[in-house]
2 protein chains.
Amino acid sequence: MLSFVEENYLKAIYHLSEAGKRSVNTNSLAEEMKTAPASVSDMIKRLSEKKMVDYQKYRGVNVSGKGKIKALHVIRQHRIWKVFLVEKLNFQWDQLDEVAEQLEHIKSPLLIQRLDEFLGFPKFDPHGDPIPDENGQLIEKRKDPITQLPVGTAGIVVGVNGSSASFLKYLDKVGISIGTRLQIVDRMEFDGSVDVTIDGKKTITISPTVAENILLSEA
Amino acid sequence: MLSFVEENYLKAIYHLSEAGKRSVNTNSLAEEMKTAPASVSDMIKRLSEKKMVDYQKYRGVNVSGKGKIKALHVIRQHRIWKVFLVEKLNFQWDQLDEVAEQLEHIKSPLLIQRLDEFLGFPKFDPHGDPIPDENGQLIEKRKDPITQLPVGTAGIVVGVNGSSASFLKYLDKVGISIGTRLQIVDRMEFDGSVDVTIDGKKTITISPTVAENILLSEA
DNA sequence: AATTTTTATTAGACTAATCTAAATACTATA
DNA sequence: TATAGTATTTAGATTAGTCTAATAAAAATT
């Protein structure tokens with residue numbers, strides 16, 4: 001049985017390694033966990049003894065097979081709770097993570113199974129990130145930033161890059177959220193600004209920075 | 001900010017003192033917390049420094065004003081989560097406590113406020129225990145065990161004493177739960193067994209022990 | 001009232017998770 | 001390739017929460 005803290009380290013290692021592809025160095029993990037590099041070394045040693053990570057001194061760390069499953073398990077719970085918070089309790093995007101980071105550590109397979117069922121077995125969380133299944137399988141969905149799609153393309157907003165509170169608030173204000181249908185109607189040559197029609201109703205202009213951070217699925 | 005463990009001690013002290021009426025001795029608290037008496041002494045000292053309990057060496061301990069509010073806060077969250085688990089996720093009575101004891105410690109006023117609203121501001125949990133309001137106010141409801149009510153009385157099941165898994169399972173099996181309407185139709189002189197009609201449909205005989213542990217409200 | 005029994009507290013040690021400061025290994029550059 | 005610089009690990013200390021064993025206080029019993 002892992003502690004909350006160990007689960008959080010595992011999740012951070014998994015994320016920073018881009019789903020286990022590369023190995024993570026101590027300093028970036030320390031920054032992510034808001035802790036001292038020395039603490040990271042200590043913790044990695046413990047996780048290594050528990051066979052949750054692959055680790056060689058001075059060589060960085062990565063999740064092991066067991067560790068990856070555990071990490072995906074926590075991520076699954078995190079994302080399912082987010083769906084609940086948004087769909088049932090009307091949480092705003094910027095209020096989600098603080099609470100979901102507590103709820104994700106509740107240990108009860110029955111709870112998460114029933115919650116999943118109650119929510120209709122969602123496949124994506126409110127930020128458009130896919131929800132791993134009970135076995136840790138991830139169904140990746142193609143997602144492209146608006147900047148990389150040609151004029152004329154229509155799609156559903158399935159996610160955003162980054163999650164700064166101010167960005168999420170901006171999206172809320174202009175009426176863009178997960179599930180919103182957008183059509184790219186024009187792109188200015190000079191700066192890359194894009195005109196998009198929101199749900200077929202109003203058309204607004206978004207900056208290239210915003211366009212880069214809104215992900216559309218090819219629907 | 002109190003830790004999970006501190007919150008659990010506070011809750012236990014509150015319960016054992018019968019809502020702050022008498023003071024609690026170290027051994028019973030140790031038993032309740034499944035820990036050594038020495039650990040209890042240590043913890044009480046800490047809680048006392050934080051002004052959450054009133055404590056004099058060798059004289060027992062009790063919740064302070066601050067501590068009582070904190071305890072009721074945790075109890076409120078516990079009971080609201082139980083309502084959620086039963087009403088939305090179809091949990092059985094005997095699966096409730098393990099999960100609710102984790103969920104009760106989630107720190108988010110917004111979460112519990114929204115959850116309360118989502119559930120329609122319930123006043124009682126699935127065991128019939130009253131839910132304190134945000135200020136820690138408890139609306140106590142008269143509850144009498146079946147053994148203490150005369151033949152002919154009808155009422156709603158609003159609670160049960162004790163919560164052994166086997167007892168709760170028995171109740172489930174015979175079709176008794178919170179909200180069930182019972183009428184006392186007969187009481188055997190020789191052993192105190194009671195015949196009760198369940199929701200006006202079938203009549204069953206229950207043992208005096210069972211009768212003593214089912215609480216009816218005078219509805 | 002003195003003594004025994006019970007109950008409660010302290011003393012000292014242990015683990016998990018953290019820290020700062022010091023030491024060590026790796027990397028890059030001259 | 002020697003050295004300067006950066007990244008990482010170890011050493012040693014700290015805090016929360018726990019334990020066992022020893023001590024002290026209170027309660028009960030003779």
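To find a chain, count down the sequence lines: A is the first, B the second, and so on, and within it residues start at 1. On a predicted model such as this, the values are computed, not experimentally measured, just so you know.
At whole-Å resolution of the value, CG in B/Leu47 and P in C/dT9 are 13 Å apart. The CD atom of B/Glu7 sits 15 Å away from the C1' atom of D/dG17 (whole-angstrom rounding). Atom NZ in B/Lys34 sits roughly 14 Å away from atom P in D/dT18 (whole-Å rounding). In this structure, B/Ile44 atom CD1 and D/dA16 atom P are separated by 17 Å, rounded to whole Å. As a whole-Å value, the separation of B/Phe4 CZ from D/dT18 P is 14 Å. Rounding to whole angstrom units, CG of residue A/Leu2 and P of C/dA16 are separated by 12 Å. Spacing between atom CG of A/Leu29 and atom P of C/dT18 amounts to 11 Å, rounded to whole angstrom units. Whole-Å rounding puts the B/Glu31 CD to C/dA8 P distance at 12 Å.
The B/Tyr58 side chain lies nearest to D/dA26 when the options are C/dC19, C/dA17, D/dA26. Closest to the side chain of A/Ala38, from the set C/dA17, D/dC19, C/dT20, is C/dT20. Closest to the side chain of B/Asn27, from the set C/dT7, D/dT10, D/dC19, is C/dT7. Side-chain atoms of B/Asp42 lie closest to D/dT18 of the nucleotides D/dA11, C/dA11, D/dT18.
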Please report the C-alpha distance between B/Lys11 and B/His73 in whole Å, then the side-chain angles of each, then the deciding distance to 0.1 Å, and finally whether the side chain to side chain contact (heavy atoms under 4.5 Å, CB included) criterion is met.
-> CA-CA 9 Å; B/Lys11 204 171 48 136; B/His73 190 78; over 6 Å; no
Test side chain to side chain contact (heavy atoms under 4.5 Å, CB included) applied to B/Glu6 and B/Met52, step by step | CA-CA 10 Å; B/Glu6 288 170 322; B/Met52 302 306 279; over 6 Å; no
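Among the atoms of the strands shown, none is found under 4.0 Å from any heavy atom of B/Gln56. B/Tyr9 comes within contact range of the sugar-phosphate backbone alone, with a heavy-atom separation under 4.0 Å but no base atom that close. Using a 4.0 Å heavy-atom cutoff across all strands shown, B/Thr26 reaches sugar-phosphate atoms only and no base atom.
Look at A/Lys107 and A/Glu7 and you find a salt bridge, because one of the NZ, NE, NH1 or NH2 atoms lies within 4.0 Å of a carboxylate O, short of that distance. Comment: A/Lys45 does not engage A/Glu49 in a salt bridge, judged by the lack of any side-chain N to carboxylate O separation of less than 4.0 angstrom.
Relative to the six-membered ring of A/Phe124, A/Arg79 misses at least one condition, a distance below 6.0 Å or an angle of at most 45° to the axis.
The shortest distance between the side-chain N/O atoms of B/Lys45 and the OP1/OP2 oxygens of C/dT10 is below 4.0 Å. Phosphate proximity of D/dC19 to B/Thr35: present, with a side-chain N or O under 4.0 Å from OP1 or OP2. Considering only side-chain N and O atoms, A/Arg46 lies under 4.0 angstrom from the phosphate OP1 or OP2 of C/dA17. At the phosphate of C/dT24, neither OP1 nor OP2 sits under 4.0 Å from any side-chain N or O atom of A/Lys57. At the phosphate of C/dA8, neither OP1 nor OP2 sits under 4.0 Å from any side-chain N or O atom of B/Ser41. Of the side-chain N and O atoms in A/Ser39, one or more sit less than 4.0 angstrom from OP1 or OP2 of C/dC19.
Of the two residues contacting DNA chain C, namely A/Arg59 and A/Met43, the nearest-nucleotide position lying further toward the 5' end is that of A/Met43.
No hydrogens or angles were tested; on distance alone, nothing pairs the side chain of A/Asn25 with the base of C/dC26 as donor and acceptor under 3.5 Å.
Taking OG from A/Ser17 and NZ from A/Lys68, the interatomic distance works out to 8.0 Å, rounded to the nearest 0.5 Å.
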